[in-house]
Each structure stands twice: as C-alpha cells, then as structure tokens.
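Let me begin by presenting the structure, written as structure tokens, before commenting on it.
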Amino acid sequence: MSFDKTSFKDAVVNRRSIYQLNKNSPIDDKRIEEIFRVAIKEVPSSFNSQSARIVVLLKEDHDAFWDIVGDILKNIVPEDKWESTNGRIQGFRKAYGTALFYEDPEPIKKLQSAYAQYSDYFPQWSEHTSAMHQYFSWTALEAEGFGCNLQHYNPLPDQKAAAKWNIPLDWSLKSQLVFGGLDDGARDNLKERSEQPIEDRLFIHGAK
C-alpha cells in the first residue's frame with residue numbers, strides 16, 4: 001500500500017482504530033512530512049480560512065508528549081484506576097508518532113469581522129475544517145501501512161505542550177492522531193463495525 005498507489009476507496013474501507021502499534025515506521029520521515037504538507041495545502045477549509053495547524057511529533061518527541069499526558073493523569077486519576085489508565089497511555093507511547101490538530105482562532109476572528117452575518121457559525125465551521133484535516137491524515141497514513149487511533153486528551157496537555165514545542169497558547173487543540181507500525185495480529189481481532197442500515201442514513205433524489 002502507498003499514499004500514491006492505494007485507491008481512495010480502499011484506504012477509506014481499511015481505515016480502522018488500531019491500538020496495537022509499535023515504533024517501526026513503514027515509510028521514512030520525509031514521506032510522513034509529505035502527507036501532512038498535502039493535508040495543510042490541499043484539504044479545504046471554511047471560507048478558505050486556512051485555520052488548521054498540525055504539529056507532528058515523531059520518535060522522542062512523540063514519547064515526550066505521552067509522558068506529559070501520563071504525568072498529568074497520574075495526579076488526577078484515582079489510584080485504583082491508574083493501572084488501566086497508565087496501560088492505555090503506554091500503548092500510545094509505543095507508537096511511532098502523534099499528530100496534534102489545532103485550530104488557530106485568528107483567521108476565524110477575521111472572517112467573523114468580515115462576514116458579520118455568519119459570525120456565530122464560524123466556530124462550528126472551524127470544527128468542520130479540523131475534522132477534514134484529521135480524516136484526510138488518518139486515511140493517508142492508513143494507505144502507507146500505518147495503524148492509527150484518534151484521541152482527545154485536550155485540554156490536559158495544552159499548556160505543557162505549548163511550552164515544550166513553542167505552540168501558541170491561543171491555538172485550540174482538537175485531537176491527537178497516534179500512528180505507528182502494526183504489531184503482529186493487530187488487525188486480527190478487530191470488532192466488526194456496528195452499522196445502521198444505509199437506507200436509514202442515505203437518501204438519493206432525482207437519480208435516473
């Protein structure tokens with residue numbers, strides 16, 4: 001599989017939440033950078049706001065992020081729950097990288113001023129923008145042979161991450177996409193997707 005050769009449909013169908021990950025990357029770091037460059041350049045945004053910001057953490061920086069999250073959680077998670085929580089965090093840490101998805105509020109504020117009649121909607125549309133960047137990145141990494149899972153530990157690590165990686169504090173962290181090589185059997189025990197009937201969710205009018 002590869003970002004250039006895998007069909008979009010196959011990448012979409014194969015994309016799943018994978019948690020059994022390791023630090024063996026199927027591609028080099030330049031190729032990873034290319035994926036996120038395409039995401040930033042080509043994924044659409046509301047009113048062309050270009051408000052998405054992605055911070056990609058690889059190797060030791062990836063480890064450092066999850067150490068930050070773990071240290072914070074250890075101080076707030078009940079002692080009887082810590083073993084399970086720590087196991088989950090260490091599972092993320094075993095992966096190769098994490099992409100942090102942010103939204104910069106400045107482009108949103110400018111659009112709110114320029115288009116006052118839509119002012120109340122721009123924050124919601126910003127969420128849509130971030131979601132598209134997340135989905136594209138996840139699908140593209142899937143096409144390269146990575147396993148991924150999407151996390152939402154924000155706002156817990158926001159301040160410490162901002163200090164360590166020089167991230168503006170006013171950027172809003174939306175999610176963390178963990179990615180890595182696949183452990184043996186990582187896909188073997190995936191639960192079958194629970195799906196409502198397509199006919200209850202898709203409606204076509206005017207087709208011949």
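We count residues from 1, following the sequence as given.
- With respect to the salt-bridge test (charged N to carboxylate O, under 4.0 angstrom), the residues Lys174 and Glu103 do not qualify.
- Side chain of Gln176 to backbone of Tyr153: a donor-acceptor contact under 3.5 angstrom is found.
- Between Glu142 and Arg16 there is no side-chain heavy-atom pair separated by less than 4.5 Å.
- In this structure, the side chains of Leu156 and Val69 stay at 4.5 Å or more apart for every pair of heavy atoms.
- Pro26 is listed as a side-chain neighbour of Phe146, based on a closest heavy-atom distance under 4.5 Å.
- Pairs engaging residues 66-77 under the side-chain hydrogen bond (donor to acceptor under 3.5 Å, both in side chains) rule: Trp66-Thr98, Asp67-Arg93 [sequence neighbours left out].
- Judged purely by atom type and a 3.5 angstrom limit, Ser49 has no side-chain atom pairing as donor or acceptor with the backbone of Ile108.
- A donor-acceptor contact shorter than 3.5 Å links the side chain of Ser7 to the backbone of Asp10.
- The list of side-chain hydrogen bond (donor to acceptor under 3.5 Å, both in side chains) pairs with a residue in residues 194-208, not counting sequence neighbours, is empty.
- The side chain to side chain contact (heavy atoms under 4.5 Å, CB included) test with Ile18 is passed by exactly one of Leu190, Val178, Asn149: Leu190.
- In this structure, Ser130 contributes its side chain and Ser126 its backbone to no donor-acceptor pair below 3.5 Å.
- For the salt bridge (charged side-chain N to carboxylate O under 4.0 Å, His left out) condition, the pairs that include at least one residue of residues 37-58, sequence neighbours left out, are Glu33-Arg37, Arg53-Asp104.
- Residues Val43 and Ile40 fail the side-chain proximity criterion, which asks for heavy atoms closer than 4.5 Å.
- At a cut-off of 3.5 Å, with distance as the only test, no side-chain donor of Asn154 or Tyr102 sits close to an acceptor on the other residue.
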